[in-house]
*Asks:* 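This is the structure I have questions about; it appears just below.
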2 protein chains.
Amino acid sequence: MVIPSDQTQSAWCALYRVHKIFHEQVEAELKAANLPPLTWYDVLWELEKTEHCGLRAYELQPKLLLPQYGMSRILTRMEAAGLIQKQECPEDGRGQVLGITEAGRTTRAKMWAIYGKLMHDMLGAKLSEEETTTLAALLNKLAK
Amino acid sequence: MVIPSDQTQSAWCALYRVHKIFHEQVEAELKAANLPPLTWYDVLWELEKTEHCGLRAYELQPKLLLPQYGMSRILTRMEAAGLIQKQECPEDGRGQVLGITEAGRTTRAKMWAIYGKLMHDMLGAKLSEEETTTLAALLNKLAK
DNA sequence: TGAAAATAGATGCAGTTGCATTTAAATGCA
DNA sequence: TGCATTTAAATGCAACTGCATCTATTTTCA
């Protein structure tokens, strides 16, 4: 029976706690500003970054670590909200090419005003530059 | 307009990614072993720790960072599953005192066999002791 | 004391998720 | 070529969540 060390348990719990605090705060402020949830931000951002080449749903999915059906439903809602558009894909009749709309760009910018500020207030402002770099490096070691 | 630094953004994203990877892996392995979700573990653990004094739902709630209705529903399900029991509270007719059952203890132990192992494999084994301590310290700075 | 305020907990409803399956198109290969 | 396999995406269903509200007690304090 493997028992994780005290430091391991402490780091694990802190990771969970910090994530939860961050996440709920962001969602709460987005909602209070009548903006969509954080997942939508990631979709909008990916689409804005790759606007030229046109992204497919199945390409987006692994980037956001979402299940296939989750991706499908988010895209349906986002299209209904007018933030993205799905165009028929000429090379593949099963699929679609995703694009961000003008409204999508605007919404993403509004979201970033809130999201970016919280990222700074809750993380950036609480650690020194060096500490932040260390934290990112340690976390990245765990992400593989 | 506040823009978080690159390190801040990098740390933030890594935090989200690592949390998601960890969480999904744990949930998947628990489910594969026919065990309840992780939240239940926390409830069981808190109850096991404070067995002597008897915990109330409203005391448990802030520990687990759950909303009131979330707590209420989890406790209903866990009681239905026979893992905890709610007793009438002598000092407060509105409330109940929570206790873990024998089945609850057994289930928690089974869950820990999986959870603890993953905690070690995914976190403890990937960092040195010193790194783990640093990570915990940095995260704890953020949790306030 | 007794009426208003606060607290413990449950619940109806609408929206969201996980899972399994389905539809439809593309690919592989005998 | 033509049938089996794989892949892209959607969806029915049951379980779960957030929100607001409700019930039942307990506390407060005029």
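Here is the naming used below: chain letters follow the sequence lines, and residue numbers restart at 1 for every chain. Every heavy atom of this structure was used, including side-chain atoms; hydrogens, water molecules and symmetry mates were not.
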*Asks:* Taking 4.0 angstrom as the limit, do B:Glu46 and B:Lys49 come out as a salt bridge?
*Replies:*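 Answer for the salt bridge query: yes.
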*Asks:* What's A:Arg56 touching, base or sugar-phosphate or nothing? Going by heavy atoms closer than 4.0 Å.
*Replies:*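 Here A:Arg56 touches the backbone only, sparing every base.
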*Asks:* Going by heavy atoms in the side chains, are A:Met122 and B:Trp12 under 4.5 Å from each other?
*Replies:*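 Counting from C-beta outward, A:Met122 and B:Trp12 do come under 4.5 Å.
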*Asks:* Might you confirm whether atom NZ of A:Lys117 has over 12 heavy atoms from other residues, nucleotides or ligands at distances under 6.0 Å?
*Replies:*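 Check fails, neighbour count at 12 or below.
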*Asks:* In whole angstrom, give the distance that lies between atom OH of B:Tyr69 and atom P of D:dA20.
*Replies:*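 B:Tyr69 atom OH is separated from D:dA20 atom P by 9 Å.
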*Asks:* Let me know, please, whether A:Arg73 or A:Glu24 comes out on the 5' side of the other along DNA chain D by nearest nucleotide.
*Replies:*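 Result: A:Arg73.
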*Asks:* Watson-Crick or G-U wobble partner for C:dT23, using a 3.5 Å limit on both distances?
*Replies:*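 Checking every strand shown, C:dT23 finds its partner in D:dA8, with both distances under 3.5 Å.
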*Asks:* On DNA chain C, does the nearest nucleotide to A:Gly93 precede the nearest nucleotide to A:Ile74 from the 5' side, or the other way round? Give the residue.
*Replies:*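 By nearest-heavy-atom nucleotide position, the 5'-most residue is A:Ile74.
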*Asks:* Got A:Asp121 and A:Lys126 here, is their nearest side-chain heavy-atom distance under 4.5 Å?
*Replies:*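 Side chain of A:Asp121 against side chain of A:Lys126, heavy atoms only: no contact under 4.5 Å found.
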*Asks:* Using the closest heavy atom to pick a nucleotide of DNA chain C for each, name whichever of B:Lys31 or B:Asp92 lands nearer the 5' end.
*Replies:*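 On the 5' side of the pair lies B:Asp92.
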*Asks:* Shoot me the first and last contacting nucleotide of DNA chain C against chain A, ordered 5' to 3', at under 4.0 angstrom to non-hydrogen atoms.
*Replies:*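 Both ends considered, the range comes out as C:dT16 to C:dA26.
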*Asks:* Taking A:Asp42 first and then A:Lys63, would you say they form a salt bridge - that is, a charged N and a carboxylate O separated by under 4.0 Å?
*Replies:*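 Salt bridge: no.
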*Asks:* Return the 5'-most residue of the pair A:Thr76, B:Thr39 with respect to DNA chain D, ranking by each residue's nearest nucleotide.
*Replies:*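 The 5'-side residue here is A:Thr76.
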*Asks:* Contact class for B:Gln68 (heavy atom, under 4.0 Å): base, sugar-phosphate, or nothing?
*Replies:*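 If one applies the 4.0 Å heavy-atom cut-off, B:Gln68 turns out to touch a base.
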*Asks:* Is there side-chain contact between A:Lys31 and A:Glu27, with at least one heavy-atom pair below 4.5 Å?
*Replies:*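 They are not in side-chain contact.
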*Asks:* Could you check how far CE of B:Met71 sits from C1' of D:dC16, rounded to whole Å?
*Replies:*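 The answer, rounded to whole Å, is 15 Å.
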